[in-house]
Amino acid sequence: MPKLTKGNSMFGAGASPGIMSCIAGRLLCDTFLCSRDLLKEVSYSLTQLAKNQLHKDRKEIAPQDIPSMFQKLESLIELIECAQQDAWLSLELMFHLSVIPLTHQLTKLSGNLWGKTLQGARAQRVEYLLLHAFHEQKYINPDKTSAHANEAKDQRLPKRRIDAGSADRNAEEFGGDDAKLETDHVKGKKGPAYAGGLVLEPKRGLYDKYILLLDFNSLYPSIIQEYNICFTTVEKTTDGSIPHLPSFKEIGVLPKLLRDLVERRKRVKQMMKNAPRIKLQQHDIHQQALKLTANSMYGCLGFSNSRFYAKPLAELITLQGREILQRTVDLVQNNLNLEVIYGDTDSIMIHTGLDDIEKAKSIAVKVTQEVNKKYQCLVIDLDGLYKRMLLLKKKKYAAIKVQFRNDIPYEVIERKGLDMVRRDWSLISKEIGDFCLNQILSGGSCDDVVESIHGALVKVREEMKNGEIQLEKYVITKTLTKQPEAYPDGKNQPHVQVALRMKQNGSCTGFSPGDTIPYVICCEQGTSSAGSSGMAQRARHPDELKDNGKWIIDIDYYLSQQIHPVVSRLCASIQGTSPERLADCLGLDSTKFQRRPNYAADVDHSSLLLGSVDDCERYEGCEPLVISCPSCSSSFDCPVVVTSFCGSTDDETVSPAREKPERNFWQSLRCPRCPIDGDMGRVSPAMIANQVKRQADHFLSLYYRNTMTCDDETCNYTTRGLNLRASGDFERGSVCPNYPHCNGHLLKKYTEADLYKQLSYFCHVLDTEKCLQKLNMEASARMSLETSLSRIRPVVQMAASVVSKMRDRCAFGWINLSDLVVAV
DNA sequence: GTCTGGAGCGC
DNA sequence: CTGCATATAGGCGCTCCAGAC
């Protein structure tokens, strides 16, 4: 009898060799593996799958309870019934997913072993598909080499035509020409081996006019056909560069194979139109299998352990993909004058600015016609009409999609990449996030939306504090990618810690890579989370809390690390709220959530200067006015005049205590570091004026340097040169010089708004007049302040007038009146 | 502050 | 030569977290 071990298999894949030998000759359908392949779920436990897929409840029995259930008749029968139920659920799941017919079709297409398809061996399916295709054309296939053998002797036999004649040029070897890179890749497995799809920099924000989502149907398979890309057609390069497109007229093996698959799929889809009900599902599975097979071929060209590994071909395909997407964007923006707001690999989103769905559709028709004219195989198509959309980042957006059933429109909310679709956030933060998203997309007024979000946050905080939230909502789920013991930094990973502890105390037998681990973040009763150890140490399995009073939910963690980040990311472009305000609603210390300085580039400076914000906020980010002492070599930040004479303004509360020594500068007009007596460190009015002038000139020249930086964070290209490349998107600055590789735009590093703000700050520092009008104080205090200021006025007069003249020359001082029109 | 490993998405 | 254990893996692009430095 072979050993029926389990648990040492990678990715928890299937059964051990022992089990396989026991069932030799029979197919094994593991519904756990199939579900992981075909479904997207937070957890792939039978309980979860039964609930979400079959809508049935499953009774769970803890492993440690099983032995005792054998002790009594009733409990033994219960155990048997549960086991039987599990068997039926697995079977039902198998039918629900149509695993057998689907894998049957896939196997028939590729000609591999059905049992392997059931194990999910995708690379092997493609391998067999290509083996058959090349063999049929009388090519000799390359040998299969193991990863180990690859490292020792990276030599793969080229494919050679049996009738080795004219086609000798085909006998090229695509693998192994860059052995160094390849072994790096095999060993470290870090970093991509070649460039992939192009992702456009999104124009972030909330859109309430129709957006068109257009995408190319199966981009990569279509590129292979469009440009006849194959082992047999592409000329190999010797220097490791990407090969050129083939000029070979005869159709290659890969393109022909794909063409056949596409045509067969077309025929099957045609048959579906007037097929009897009973045949409908069968056809549907057949066409799915054809599509899956066509789409998985590219992936295996780039897979370094594949028998048909061909990095140059994979590179050539993705390069074409990037160029096609960029050409499409250029066409839509420059020739059709439409605004492209985002695009990823094979898709573009167009902001129509229209409320009328029919007009929006007609634009889509026009665009698709124009684009499709340019290609033979490639087809772009309308894939979605979004009524409203929130575009947050690359690969992160949500939209209300309008769909049609029998020409009747209905709306669905689509969420891509947002925290709410990820399993590694707790249910409670996902629920709040969904609520906020629904509010934002509701189309309600800004005030209403913000108010209801703030209200919801206050409410959930109350409920959490009162213990009204179920434990399940706090559960976070993460996947193990290695054996729990194999993590080098397992100490820092909550799910690894939980898995190790569960194994240790015997509540389970062990874990395999691919298993999902649920946990909650806790704190020890009576201690605050702030002082305790790292969060990985405070992670517990939900069951550990149920019968143990020592650990309780760490509510502060959930408020600040789960709910706040999710909500504040959603609200990033929503007027009327801010991370600070949201933190306030959650009862958190709002000072910890202040805007990071690099966000300042995103905000509109003009509104900042126009509004009635207080001085410290208005001049945030400005460089201080530095006065250097004529006697000693020290320098110090010049304090604001009015603040020095009036201790009770707002500025005092924000000034750090370290500025105290400079406080009385304006009273004494002496360097604070020089001896009090004697003439050392005395600063004259002319010195002040000179120093102010010199510093203002510095900022002026900074502005005129006109340094431009690319707004694509991954590029960050910086230049002073002018780039005259045309772009449909003039407002955002000119196209990045890295153009085909980067889709960003050059923006001024130091804008006129920055300069204006800086000069205004210097004016503010030296101001002795305007500040009086603004102050709201008692008559007696005002009198004494006025006297002090009038004494200092002659000293700063010269400096103040120098800098205010410079500021007033700055064109930014001209206010566009339309900016002042504000909807009330 | 920056950098890195890990995870989990989108396409 | 036999018994037993081994190894079994589609791609790249892009956030985001937490910890180390």
Side-chain angles (χ1 to χ4, degrees), chain A residues 2-3 5 8-18 20-21 37 40 42 116 119-127 146-148 185-186 188-202 215-216 218-220 292 295-311 313-315 317-318 321-322 325 342-347 383 392-397 414-425 476-482 487-496 513-514 516-517 534-536 561-562 565-566 569 596-598 712-714:
Chain A
K3 209 171 163 186
T5 52
N8 56 354
S9 51
M10 286 293 277
F11 296 96
S16 65
M20 291 311 288
S21 68
D37 224 33
K40 204 183 85 174
V42 167
K116 288 285 176 186
Q119 281 181 6
R122 275 186 280 191
Q124 214 195 44
R125 254 168 38 218
V126 176
E127 182 181 338
S146 70
H148 187 68
H185 192 231
V186 169
K189 218 174 207 172
K190 50 184 169 194
Y194 61 93
L198 172 65
V199 185
L200 306 179
E201 187 64 40
D215 74 355
F216 285 101
S218 341
L219 182 70
Y220 290 166
L292 275 172
N295 283 340
S296 51
M297 192 184 297
Y298 152 75
C300 290
L301 294 178
F303 172 40
S304 52
N305 280 339
S306 161
R307 187 197 290 247
F308 291 95
Y309 177 48
K311 197 178 87 168
L313 295 189
E315 268 182 305
I317 292 166
T318 57
R322 292 192 294 277
L325 185 65
Y342 180 57
D344 184 345
T345 310
D346 65 348
S347 67
D383 197 50
L392 290 182
K393 294 216 151 154
K394 286 177 175 177
K395 299 179 191 286
K396 284 177 190 278
Y397 60 91
E414 205 168 72
R415 303 165 307 167
K416 291 291 171 69
L418 301 178
D419 298 322
M420 289 92 78
V421 307
R422 296 172 64 97
R423 74 155 68 91
D424 51 358
W425 291 93
I476 301 167
T477 312
K478 276 202 174 138
T479 314
L480 288 169
T481 52
K482 306 189 215 322
Y487 282 83
D489 62 339
K491 282 233 175 317
N492 302 326
Q493 311 258 10
H495 61 305
V496 177
T516 52
I517 311 288
M535 61 158 261
Q561 307 300 118
Q562 288 277 318
V566 169
R569 274 194 284 273
R596 298 213 313 272
N598 58 344
D712 190 325
E713 286 154 19
T714 56

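In what follows, chains carry the letters A, B, and so on, assigned in the order in which the sequence lines appear, proteins first and then strands, with residues in each chain numbered from 1.
The shortest distance between the side-chain N/O atoms of A:Y194 and the OP1/OP2 oxygens of C:dG13 is not below 4.0 Å. Not one side-chain nitrogen or oxygen of A:T345 sits closer than 4.0 Å to the OP1 or OP2 atom of C:dC12. Between A:K395 and B:dG10 there is no side-chain polar atom (N or O) within less than 4.0 angstrom of OP1 or OP2. At the phosphate of C:dG19, neither OP1 nor OP2 sits under 4.0 Å from any side-chain N or O atom of A:Q493. A close approach under 4.0 Å does occur between a side-chain nitrogen or oxygen of A:K416 and OP1 or OP2 of B:dC11. Under 4.0 angstrom from either OP1 or OP2 of B:dG6 there lies no side-chain N or O belonging to A:H495. For B:dG6, the OP1/OP2 oxygens have no side-chain nitrogen or oxygen of A:R422 closer than 4.0 Å. A close approach under 4.0 Å does not occur between any side-chain nitrogen or oxygen of A:K40 and OP1 or OP2 of B:dC9. In this model, the phosphate group of B:dA7 is approached by a side-chain N or O of A:Y487 to a distance below 4.0 Å at OP1 or OP2.
For the pair A:T318 (side chain) and A:A195 (backbone), a donor-acceptor distance under 3.5 Å is present. With hydrogens and angles ignored, the 3.5 Å screen pairs no side-chain donor or acceptor of A:K416 with any backbone N or O of A:Y397.
Atom CZ in A:R322 sits roughly 8 Å away from atom P in C:dG13 (whole-Å rounding). Counting to the nearest Å, the P atom of B:dC9 and the CG atom of A:D419 are 11 Å from each other. Between A:L301 atom CG and C:dG11 atom P the separation is 12 Å, expressed in whole Å. Rounded to whole angstrom, the span from the CZ atom of A:R423 across to the P atom of C:dT15 amounts to 21 Å. Counting to the nearest Å, the C1' atom of B:dG6 and the CG atom of A:D424 are 10 Å from each other. One can place CG of A:D215 at 12 Å from C1' of B:dG10, the figure rounded to the nearest angstrom. Per the geometry, CD belonging to A:E414 stands 16 Å off P belonging to B:dC9, to the nearest Å. Distance A:Y397 OH to B:dG10 P: 8 Å, rounded to the nearest Å.
For A:V421, taking side-chain heavy atoms from C-beta onward, the closest of the listed nucleotides B:dG10, C:dC16, C:dA20 is B:dG10.
A:D344 pairs by the salt bridge (Lys or Arg N to Asp or Glu O under 4.0 Å) definition with A:K395, not counting sequence neighbours. By the side chain to side chain donor-acceptor pair (under 3.5 Å) test, A:Y298 pairs with A:Y194, sequence neighbours left out.
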